[in-house]
Amino acid sequence: MMEFIAQNMAPIMFASLIIFLLIGYPVAFSLAANGLMFFFIGVLLSPYSGGSINLAWPLLHALPDNFYGSRVMSNDTLLAIPFFTFMGIVLERSGMAEDLLDTIGQLFGPIRGGLAYAVIFVGALLAATTGVVAASVIAMGLISLPIMLRYGYDRRLAAGVIAASGTLAQIIPPSLVLIVLADQLGRSVGDMYAGALIPGMVLTGLYALYVLIVSIFRPKMVPALPLEARTLGHGVLSLLVALVVAVAISYAAYRYLAPAHGDNADILGATVGVLFIYIVAIADKRLNFNMMSRLAQQVIIVLIPPLALIFLVLGTIFLGIATPTEGGAMGSVGALIMAAAKGRLSLDVIKQALTSTTRLSSFVLFILIGARVFSLTFYGVNGHIWVEHLLISLPGGEVGFLIGVNILVFFLAFFLDFFELAFIIVPLLAPAADKLGIDLIWFGVLLGVNMQTSFMHPPFGFALFYLRSVAARVPYLDRLTGKKIAPVTTGQIYWGAVPFVLIQVVMIGLTIAFPQMVMRYKGTVIDPGTIDYKVPEVPGLSPLGTPPAGGTAPANGGSAPAAPGAPDLSQPPSFGDAQPAKPAAPDLSQPPSFGDAPPAKPAAPAPDLSQPPSFN
């Protein structure tokens, strides 16, 4: 019995951790307690393991180095988490979500499903600026849900589109989960962001495609805004003209700056065009020039600041100007400036942002410390080898491994948060994926899309809980129409999430089938077989720099000279046409000569040693 337990310590340890988590113990303490408990058991059972347990008491001395080394306290990668968290909370307090939802809702309002499109578009923008799911879902639930219910949207679709759009913050950079995945997989955060950008945009498009299909086949579920609700009036043509002018100015600035700035001219030109149209829109609104429609003014004034912030954060990271940590720091400063410009920055806002940032950072840090304790023991009982053999033996090779792992993560997401999945499951899966030759950035993006479903799973999805906390529980009177609005039930929220969970599963399949969406992060791959090496020819030498066989080719068709005989290797090599005569052997009885021979000196008379020396 003792031998059986000792030789199967790894699966017993993993099952024990799952039981601890299902009971409800905090994740960080479950990880640390399991690690220490099985460390003591492993040391005692080591003699019965047949060499499968490699634990000893001195190994505990490695824990302080793990805590204070590059994996936890000195980890520069994880430093980006508090910066992006602070930036997201300040932006959420600044009222940016309200302005975006109101403006984009007016822009898309005249078409069926316009409010749903606005929620999806704003969800993607908030994801690219805040990166915090809770802030996005709560803000859109407070602002958009009452408006959608007021104008007759289906309750299930309204709840589902708000919850799903909020979870885009999990996959669209600067996502916090992508930072953690990059750290656990040992890859660059910038590469992970670049790899996740296209899948995030495709997922956003799939959400919009679902709304489009519903608007075609069930138009009553997603009605257009009535005419009296379009407070900004008409003015799409004015907006298009403004965009054309901005593009023309950007192109002219690019042509002007290209000779001096080279590759950076396109970015500088676009910046000039955007700044010009933004300043014109503000001046038009303040001075009542009436060059633009009210809709065009509002769209330009509301959209450009968050887009500029996105470029400040992601653009500098993708261009290699800043690291993710530096990008997060610049984003935090930009969020403070935006909040101050709107008059929403106060000491209370900063205190709330700092409190939430400290809480989330401490949560991540404690989980990471617990994970280090757990992994020390798990690796000591060869758990990583057990997991690797288990996963590599799955049928289907690389594709079978990816399908099996994603099914496992999908079901674990019913019970575990994305941070727990990232710190517990990913370190066990990464070695097997690497051994199969799977690109770890591709693997990380796949897991990121999959972990996104952990926010949408009924009944434990956090996004559903966030929406439930702000959705009406009892009937209420609408403040504009005076109509009695029925509440949104928990069942409607859960059923509304199901189609979007299925869309996320479809997105996982697309990412497996089309890895090129992620592999773009590598840039243009050059095939070594297409490289043409050219060596300049030297007269009288072959391409490798050696004398040609048979001598130099004769000129004017003459006969080739006879091949020279074998060289005399006893002589020094000759680098000229004629070999000089060998000098005579030197007279070693004389002092050496270093130049022209000096004139001979007369021989000195022999000194008379019988006389005292003379110094004259």
Side-chain angles (χ1 to χ4, degrees), residues 71 75-78 80-81 84 127-128 131 133 167-203 314 317-318 323-325 327-328 364 367-368 371 375 384 387-388 391-392 398-399 401-410 412-413 416-455 504-505 507-523:
R71 298 296 297 170
N75 193 328
D76 293 337
T77 301
L78 296 180
I81 290 179
F84 285 121
V133 173
T167 60
L168 287 172
Q170 287 297 100
I171 191 62
I172 294 180
S175 163
L176 299 184
V177 71
L178 293 178
I179 298 174
V180 176
L181 285 172
D183 174 69
Q184 294 300 303
L185 293 171
R187 292 297 183 266
S188 162
V189 177
D191 287 345
M192 190 68 76
Y193 279 177
L197 187 61
I198 297 300
M201 295 172 65
V202 171
L203 184 59
L314 298 181
I317 294 173
F318 292 156
T323 65
T325 302
V364 172
I367 290 181
L368 189 54
S375 64
H384 59 297
V387 173
E388 186 175 308
L391 294 175
I392 290 179
E398 178 182 306
V399 176
F401 169 81
L402 291 175
I403 293 174
V405 164
N406 278 282
I407 291 174
L408 171 68
V409 172
F410 180 81
L412 287 176
L416 300 179
D417 179 66
F418 71 96
F419 274 131
E420 299 159 8
L421 289 169
F423 285 122
I424 299 172
I425 304 300
V426 172
L428 304 179
L429 303 177
D434 195 31
K435 191 167 185 178
L436 286 171
I438 296 172
D439 185 272
L440 290 185
I441 295 293
W442 178 34
F443 186 61
V445 172
L446 264 173
L447 294 179
V449 176
N450 202 332
M451 289 179 190
Q452 190 181 11
T453 62
S454 68
F455 279 89
Q504 291 170 347
V505 173
M507 187 64 216
I508 295 172
L510 290 175
T511 309
I512 294 175
F514 302 101
Q516 298 84 359
M517 289 191 294
V518 179
M519 297 303 183
R520 289 182 68 260
Y521 83 92
K522 292 185 175 180

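All values below were derived from every heavy atom in this structure, side-chain atoms included, with hydrogens, water molecules and symmetry-related copies excluded.
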Note, [X] side chain near [Y] side chain (heavy atom, < 4.5 Å):
X      : Y      : answer
Leu368 : Gln184 : yes
Val426 : Leu447 : yes
Ile392 : Phe401 : no
Val449 : Asn406 : no
Leu203 : Leu168 : yes
Thr325 : Leu78  : no
Pro324 : Ile179 : no
Ile81  : Val180 : yes

Let me confirm one number: the [atom1]-[atom2] distance from [X] to [Y], rounded to the nearest 0.5 Å.
X      : Y      : atom1 : atom2 : answer
Tyr193 : Ser175 : OH    : OG    : 6.5 Å
Ile424 : Ile367 : CD1   : CD1   : 7.5 Å
Gln504 : Thr167 : CD    : OG1   : 5.0 Å

Nearest heavy-atom neighbours spanning [X] and [Y]:
X      : Y      : value
Leu178 : Met192 : O-CG, 3.8 Å
Ile171 : Gly200 : CG2-CA, 4.1 Å
Phe84  : Pro174 : CE2-CB, 3.4 Å
Leu510 : Met517 : O-CE, 3.6 Å
Pro199 : Val518 : CG-CG2, 3.9 Å
Thr323 : Ile317 : O-CG1, 4.0 Å

Show every donor-acceptor pair shorter than 3.5 Å between a side-chain atom in residues 432-446 and any protein atom, with sequence neighbours excluded, or say none if there are none.
residue, atom, partner, partner atom, Å
Lys435, NZ, Glu388, OE2, 3.0
Asp439, OD1, Ile441, N, 3.0
Asp439, OD1, Trp442, N, 3.1
Asp439, OD1, Tyr521, OH, 3.2
Asp439, OD2, Tyr521, OH, 2.8
Asp439, OD2, Lys522, NZ, 3.4
Trp442, NE1, Thr511, O, 3.0

task = Kindly write out the residues that satisfy ring-ring contact (aromatic ring centres under 6.0 Å, His included) with Phe410, not counting sequence neighbours, or none if the list is empty.
result =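 Counting only residues at least two positions away or on another chain, Phe410 forms a ring-ring contact (aromatic ring centres under 6.0 Å, His included) with Phe414, His457.
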query = Quick one: does Ser454's side chain have a donor or acceptor within less than 3.5 Å of a partner on Ala413's backbone?
reply =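 No, the answer is negative, given that no donor and acceptor are paired below the 3.5 Å cut-off.
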message = Could you go through Ile425 and Leu412, starting from their C-alpha distance and side-chain angles, then the distance that decides it, and tell me whether this counts as side-chain contact (heavy atoms from CB on, under 4.5 Å)?
response = CA-CA 9 Å; Ile425 304 300; Leu412 287 176; 3.7 Å; yes
task = Not counting sequence neighbours, which residues clear side chain to side chain contact (heavy atoms under 4.5 Å, CB included) with Ala430? List them please.
result = Leu185
